[in-house]
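Position 1 is the first residue of the sequence, and the numbers go up from there. Treat the numbers as computed from the prediction; the structure is a model and nothing was measured.
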Amino acid sequence: MAATVRRQRPRKLACWVLMAVLLADLLALSDTLAVMSVDLGSESMKVAIVKPGVPMEIVLNKESRRKTPVTVTLKENERFFGDTAAGMAIKNPKATLRYFQHLLGKQADNPHVALYRARFPEHELSFDPQRQTVYFQISPQLQFSPEEVLGMVLNYSRSLAEDFAEQPIKDAVITVPAFFNQAERRAVLQAARMAGLKVLQLINDNTATALSYGVFRRKDINATAQNIMFYDMGSGSTVCTIVTYQTVKTKEAGMQPQLQIRGVGFDRTLGGLEMELRLREHLAGLFNEQRKGQRAKDVRENPRAMAKLLREANRLKTVLSANADHMAQIEGLMDDVDFKAKVTRAEFEELCADLFERVPGPVQQALQSAEMSLDEIEQVILVGGATRVPKVQEVLLKAVGKEELGKNINADEAAAMGAVYQAAALSKAFKVKPFVVRDAVVYPILVEFTREVEDEPGVRSLKHNKRVLFSRMGPYPQRKVITFNRYSHDFNFHINYGDLGFLGPEDLRVFGSHNLTTVKLKGVGESFKKYPDYESKGIKAHFNLDESGVLSLDRVESVFETLVEDSPEEESTLTKLGNTISSLFGGSTTPDTKENGTDAVQDEEESPAEGTKDEPGEQAEFKEEAEAPVEDTSQTPPLEPKEDTPEGEKPPEKESGDKSEAQKSSEKGEAEPEGGPPAPEEEKKQKPARKQRMVEEIGVELVVLDLPDLPEDELARSVQKLEDLTFRDLEKQEREKAANSLEAFIFETQDKLYQPEYQEVSTEEQREEISGKLSAASTWLEDEGFGATTVMLKEKLAELRKLCQGLFFRVEERKKWPERLSALDNLLNHSSMFLKGARLIPEMDQIFTEVEMTTLEKVINETWAWKNATMAEQAKLPATEKPVLLSKDIEAKMMALDREVQYLLNKAKFAKPRPRPRDKNGNRTEPPLNASASDQGEKVTPPAGHTEDAKPISEPEKVETRSEPKDTEPLELGGPGVGKGGTWSMLGSLVG
C-alpha cells in the first residue's frame with residue numbers, strides 16, 4: 001500500500017504544477033490583450049495593432065494619417081513628433097532630427113557618419129569616447145544618442161497604438177532592414193528597452209512583406225514551389241529578396257504554407273532620399289544663378305533655406321513621377337526672396353542617372369545568393385515608395401526581363417501588416433493560422449580558435465582553426481553546439497563574421513568590425529580536477545541565433561562520462577514527477593523541432609584536424625547539418641556526436657544495440673522450460689552498464705569587439721532621461737488641456753448668458769455678477785495665464801463652475817421636466833389599469849394576494865399625491881429660485897412604482913392555472929358558450945400530477961357576455977372596461 005501511495009504522489013504534485021502554470025499563463029494574458037508592430041522606415045513609420053475584435057488594423061496618428069514621419073524636434077522644454085516635428089524642420093532645422101537610424105550601430109569613423117554630416121550639416125555630431133560612437137549635441141545642456149532618439153520615436157508609436165486600441169500595449173514586433181548586422185540589431189533592441197517595449201521579435205522588413213503577401217494568398221500556395229522576387233526601394237536603401245512559397249508538413253498542424261528566404265541583395269544608400277538630395281542641390285544652384293549679380297550669400301549656407309528646398313524637392317519628385325514637368329516654387333526662400341523654376345522629368349533623370357544604373361545591382365546579388373536564374377522567378381513585385389519613380393520601373397523591368405512588374409501589394413503597409421501578423425502569432429493572447437517562416441542569415445558567422453599541434457616528435461606549433469557556426473543564407477532561428485575536445489585548461493576563442501566577399505569595398509567599410517566577440521573561459525582546469533576518474537567529452541559551447549537574428553552564447557559546459565552498474569533501484573520521485581509532467585503536456589523523450597524546422601539543436605563535434613586540408617571538408621559538413629531542419633542520423637558520424645546527444649534524446653545506437661542483444665538473450669531464456677532461477681551470468685547480460693554524464697558549468701567572460709553595448713548604469717540613466725521627458729510632456733499636455741478648458745468655459749458661459757432659457761431662470765443682478773467674474777478670469781488668463789500652473793488653472797475653472805452651478809442646474813432641470821413628467825404619467829396610468837384588471841380576476845383564478853394589490857394601490861396613490869403636491873408647490877416658486885420638483889426625485893418615484901408592478905407581472909408570468917372541478921359523472925365541466933374562439937383553441941400546460949385534458953375553469957356569470965361567440969372581442973389594455981375573453985387572456989394582455 002505504501003508503494004502505491006508513493007506512485008500516486010508525483011502525479012498529484014504534477015497536477016498542481018500544471019494548474020499553477022495555467023494560472024500563470026492566464027495572469028500573463030490579462031496584460032497582453034493587444035499587440036503592435038512598428039514598420040520603422042528611414043523617412044516614415046507605420047504602426048499596426050491586433051486586439052480582440054480588431055484584426056490587423058493600421059493605426060491612425062493624431063492627424064488621422066496612416067503614415068507618420070520619423071522626425072523628432074527637441075527643445076529645452078518641449079518635444080514634437082511626427083507631422084508637427086516635420087513642420088518644425090523649417091523653423092528650427094538644428095533641433096529637428098531625421099534619418100538618424102543611419103547612425104545606429106556605427107562608430108565615429110564609419111563612412112555613413114561622414115555621409116550624414118555631409119547631407120545634414122546643421123546637426124552637430126559629438127564624439128563619445130567610451131563607445132567610439134557619435135551623439136547629437138542640440139545645446140550645451142541637451143545631448144542625445146541615436147538609440148535614445150529612436151527610443152523616443154518607439155515610445156511615441158506606442159502612445160499612438162494605445163490611443164487607437166484604448167488599452168495599454170507592451171508587446172511589439174519591430175521591422176529592421178535585412179542588411180542590419182549584429183551591432184545595429186542590438187542598438188534597436190536597446191532603444192526598445194529605453195521605450196519600455198517588450199520586443200517579441202526584430203523581423204526583417206523584407207520577410208514581413210513576404211509574410212503579408214503569403215497570408216493574404218494562402219489558398220494559392222500548394223506543394224509546388226513558387227519563387228517570388230520582392231524589390232523594395234524605400235527612402236534610404238534598397239533590398240531585393242527572393243522568396244519561395246510552398247506547403248510543407250509540420251508535426252503540430254499537418255500541411256501548412258511556408259515561406260523561405262532564398263536570396264537577398266541590397267544597396268544601403270540607393271533610395272528616394274538620395275534622389276531628393278540631388279534635386280535639392282539642383283534647385284539651390286538655380287536659386288544662386290537667379291541672384292548671381294546681387295552679391296547674395298550662397299543659399300547652401302542657410303539651414304532654413306536648405307530645409308525648405310528639401311521639402312520642395314520631395315514634393316517635386318512625387319509630382320514628376322506622374323508629370324513630364326513641374327514648376328518648383330517657394331515663397332520667401334531666403335532674405336524674403338521668392339524662388340520659382342521649372343524642372344522637367346528629363347532633367348531629374350539626368351541628375352540621378354548614376355543612381356538608376358545601380359537599380360539592377362540588388363537583383364544580381366539576390367540571384368547569386370539564391371543560386372538561381374531569372375527564369376526560375378515567376379513574378380517580380382514592387383515594394384516601397386521610391387519604386388513609383390517611372391525610371392526605376394523602366395530600368396528594373398529591363399533587368400529582370402519580365403513582361404510587367406507586379407503591383408498587387410500595398411507598397412507602404414505590407415511590412416507593417418506582416419509584422420503585426422507575426423506579433424499575433426508570437427503572442428499568447430491570440431491564435432492565428434500557422435504560417436511557417438524560414439528567414440535566412442545574410443552574414444555568415446564562424447568560430448576561430450588556436451591550439452598547439454605536434455607536427456614532428458618534439459616539435460610543437462600553433463594551428464589556427466575556423467569552424468562555420470551559421471552559414472550564409474542558412475535558416476534561423478537556430479541553436480548550435482560546438483565541442484572543443486583537446487583542451488584541459490582555460491583558453492579563449494573568437495566569434496567573427498565569415499566570408500564577406502559578396503560585399504563591395506565601400507560596403508565593407510560601412511559594415512564595420514568583422515570581429516564580434518572574444519570568449520574567455522575560466523574554470524576548465526578545475527573541472528578536470530573535480531572529475532579525475534571520468535572520461536572527458538569536451539568543452540561544449542551552446543550558441544543561439546534567435547528570432548531577431550541576434551547571436552548569443554547561452555552557456556559553456558565541461559562534459560564528463562563514465563560507465564556505472566545499473567542498479568535495480570526504483571526511480572526517484574523527481575524523475576517520476578518529470579515524466580508525469582512531460583506526459584501531461586504531451587511531450588516525449590525525443591525533442592521535436594519547431595514549425596519552421598530551424599530550432600533543432602544541432603550538436604557538432606570538433607573533428608581532430610591533422611592538417612589544413614581537412615578544414616574545408618569539416619566546414620562543409622557543418623554547414624550541411626546546420627541547414628537541415630531535422631537531424632539525419634544517417635549522416636551522423638559513428639561515435640562522437642552520439643556521445644554529445646543532449647538530454648532527452650534517444651540513447652546512442654551502440655548502447656541500444658547492446659540492449660537489444662540483451663533483450664534477445666532474455667527472450668531465449670523465456671522460451672526455455674521453467675526450471676529454476678536464471679544464473680548470475682545471465683542477469684549480468686540482461687543488465688549492462690550504463691553511461692553516467694556529469695556537466696560542469698564553465699565561467700565565461702565576453703569581450704565585445706564590434707560595438708560595445710551601453711553599460712547597465714548608462715542604460716538606466718537613458719531610461720530615466722526618457723521617462724522624465726515623457727512625464728514633462730504629459731504635464732505640458734495636462735496644463736494645455738486645463739488652459740483650453742478654462743478658456744472654452746469662459747466663452748461658452750458668456751454666450752449662454754444672453755440666451756432666453758438662461759435669462760428666464762436668472763435675475764439681472766445674477767447675470768451681471770457672473771459676467772463680471774468671467775471677464776476678470778479672461779483678463780487674468782491673457783495677462784498671467786502663460787505662467788500659471790496646472791493647479792492654478794484648474795482652481796480658477798472650479799471657482800467659475802461653482803459660481804454658475806445654480807444657473808446651470810435650473811436650466812437643466814427645466815429641460816428634463818417634460819420628458820420625466822410624461823413618463824411618470826404614463827407609468828401611473830398603466831399601473832392603475834393593471835391594478836383594476838387584477839382586481840376583476842375571479843376569486844377561483846386569482847393569483848395575487850390582497851396584500852400585494854393593496855401595496856400597489858398605496859404606491860400609486862402616494863405617487864399621485866406627491867406629483868400633484870410638488871407641482872403645486874413648484875408653481876408658486878419664481879423661476880429664479882432653486883426648484884423643488886427635481887428630475888432625480890421623479891426617477892426615484894418611477895423606480896419604486898415600477899418595482900411593484902414588475903413584481904406582480906413576473907408572478908403572473910410564472911403562475912400555473914388551477915384544475916377544473918369534475919361533475920357527478922366524473923366529466924370535466926365544459927367552458928361556457930361565451931368563451932372566445934381563441935381561448936378554446938389555446939392549449940394550456942396542465943400542472944404536474946394532472947391529466948392533459950384539464951381545461952381552464954369557466955368565467956363567472958357576473959362577467960358581461962354577448963349571445964354569440966363570433967361577436968366577442970379581445971381585451972385591450974387601456975380600454976373602458978373588462979374584456980370578454982377568458983381570465984388568462986386578460987392577464988396575458990396585461991403582461992404583454
Side-chain angles (χ1 to χ4, degrees), residues 35 37-39 48 50 56 171-180 185 199-223 225-230 232 239-264 366 369-370 381 383 409 414-428 430-442 470 472-479 544-550 592-600 626-630:
V35 292
S37 71
V38 184
D39 178 21
V50 169
M56 299 175 61
D171 298 344
V173 169
I174 304 174
T175 67
V176 295
F179 52 77
F180 263 24
R185 292 175 186 271
V199 179
L200 300 177
Q201 181 181 350
L202 292 182
I203 186 171
N204 294 335
D205 48 13
N206 59 340
T207 305
T209 302
L211 178 58
S212 175
Y213 180 85
V215 164
F216 290 103
R217 292 161 180 81
R218 190 184 190 93
K219 297 181 180 179
D220 299 335
I221 302 175
N222 49 43
Q226 305 175 36
N227 300 319
I228 306 294
M229 176 182 288
F230 294 92
D232 181 4
V239 178
C240 181
T241 310
I242 298 177
V243 184
T244 298
Y245 294 94
Q246 65 182 131
T247 54
V248 296
K249 187 174 182 180
T250 61
K251 294 184 178 180
E252 292 81 3
M255 296 297 293
Q256 296 296 336
Q258 170 190 275
L259 72 86
Q260 181 177 3
I261 305 298
R262 300 290 301 277
V264 177
S369 61
I381 298 178
V383 187
I409 192 172
M417 298 299 282
V420 80
Y421 187 90
Q422 184 72 355
L426 296 175
S427 173
K428 297 179 181 179
F430 303 95
K431 184 173 180 61
V432 300
K433 292 183 178 180
F435 202 108
V436 184
V437 178
R438 290 170 60 90
D439 214 327
V441 178
V442 177
F470 298 101
R472 173 165 163 79
M473 303 315 299
Y476 77 88
Q478 192 171 182
R479 297 176 183 270
N544 178 25
L545 191 64
D546 62 13
E547 292 85 353
S548 300
V550 177
D592 296 334
T593 57
K594 291 187 177 180
E595 285 184 1
N596 58 9
T598 60
D599 207 12
E627 292 179 351
V630 182

- Item | CG on Asp546 to CZ on Arg479, rounded to 0.5 Å | 9.0 Å

- Task: Mind checking the CG-OG1 spacing from Leu202 to Thr175? Nearest 0.5 Å is all I need.
- Result: 9.0 Å

- Message: Show the nearest heavy-atom pair for residues Ala208 and Ala419, with the distance to one decimal.
- Response: CB-N, 3.9 Å

- Check whether any side-chain heavy atom of Phe435 lies under 4.5 Å from a side-chain heavy atom of Leu259, and answer yes or no. yes

- Within the distance-only criterion (no hydrogens, no angle test), does the side chain of Thr247 pair as donor or acceptor with the backbone N or O of Ala223 below 3.5 angstrom? yes

- Note on the structure: Rounded to the nearest 0.5 Å, the CD atom of Glu547 sits from the OH atom of Tyr476 at a distance of 9.5 Å

- Task: Dump the intermediate steps for side-chain contact (heavy atoms from CB on, under 4.5 Å) on Met473 and Val264, then the final yes or no.
- Result: CA-CA 8 Å; Met473 303 315 299; Val264 177; 4.2 Å; yes

- Message: Donor-acceptor pair, distance only, cut-off 3.5 Å: does the side chain of Gln226 make one with the backbone of Asp220?
- Response: yes

- Within a strict 4.5 Å, meaning less than it, do heavy atoms of the Ile221 and Gln258 side chains meet? no

- Contact summary for Ala424 and Val35, nearest pair of heavy atoms: N-CG2, 4.1 Å

- Have Asp439 and Thr207 got a donor and an acceptor in their side chains that come within less than 3.5 Å? yes

- Item | Interatomic distance, Asn204 atom CG to Thr209 atom OG1 [nearest 0.5 angstrom] | 10.0 Å

- Side chain of Ser369, backbone of Gly263: donor and acceptor closer than 3.5 Å? no

- Near-ring test Phe230/Tyr213, centroid separation under 6.0 angstrom: yes

- Message: Could you report the tightest heavy-atom contact between Asp205 and Ala178, atom names first, then the distance?
- Response: OD1-N, 3.8 Å

- Note on the structure: Output for pair (Lys428 NZ, Asp171 CG), nearest 0.5 Å, gives 10.0 Å

- Heavy-atom check, side chain of Thr241 versus side chain of Asp232, under 4.5 Å: no

- Heavy atoms only: give me the nearest Ser212-Gly418 pair and the separation to one decimal. CB-N, 3.6 Å

- Query: Taking C-beta and beyond as the side chain, do Asn227 and Val243 meet within less than 4.5 Å on heavy atoms?
  - Reply: no

- Query: Where is the tightest heavy-atom contact between Leu200 and Ala423, given as atom of each residue plus distance?
  - Reply: CD1-O, 3.8 Å

- Any idea which heavy atoms bring Tyr421 and Met56 closest together, and the distance? CD1-SD, 3.7 Å

- Message: I want to check something: taking the side chain as every heavy atom from C-beta on, are Gln256 and Arg218 in contact at a cut-off of under 4.5 Å?
- Response: yes

- Message: Could you measure the distance from the CZ atom of Arg262 to the CE atom of Met229? Nearest 0.5 Å is fine.
- Response: 12.0 Å

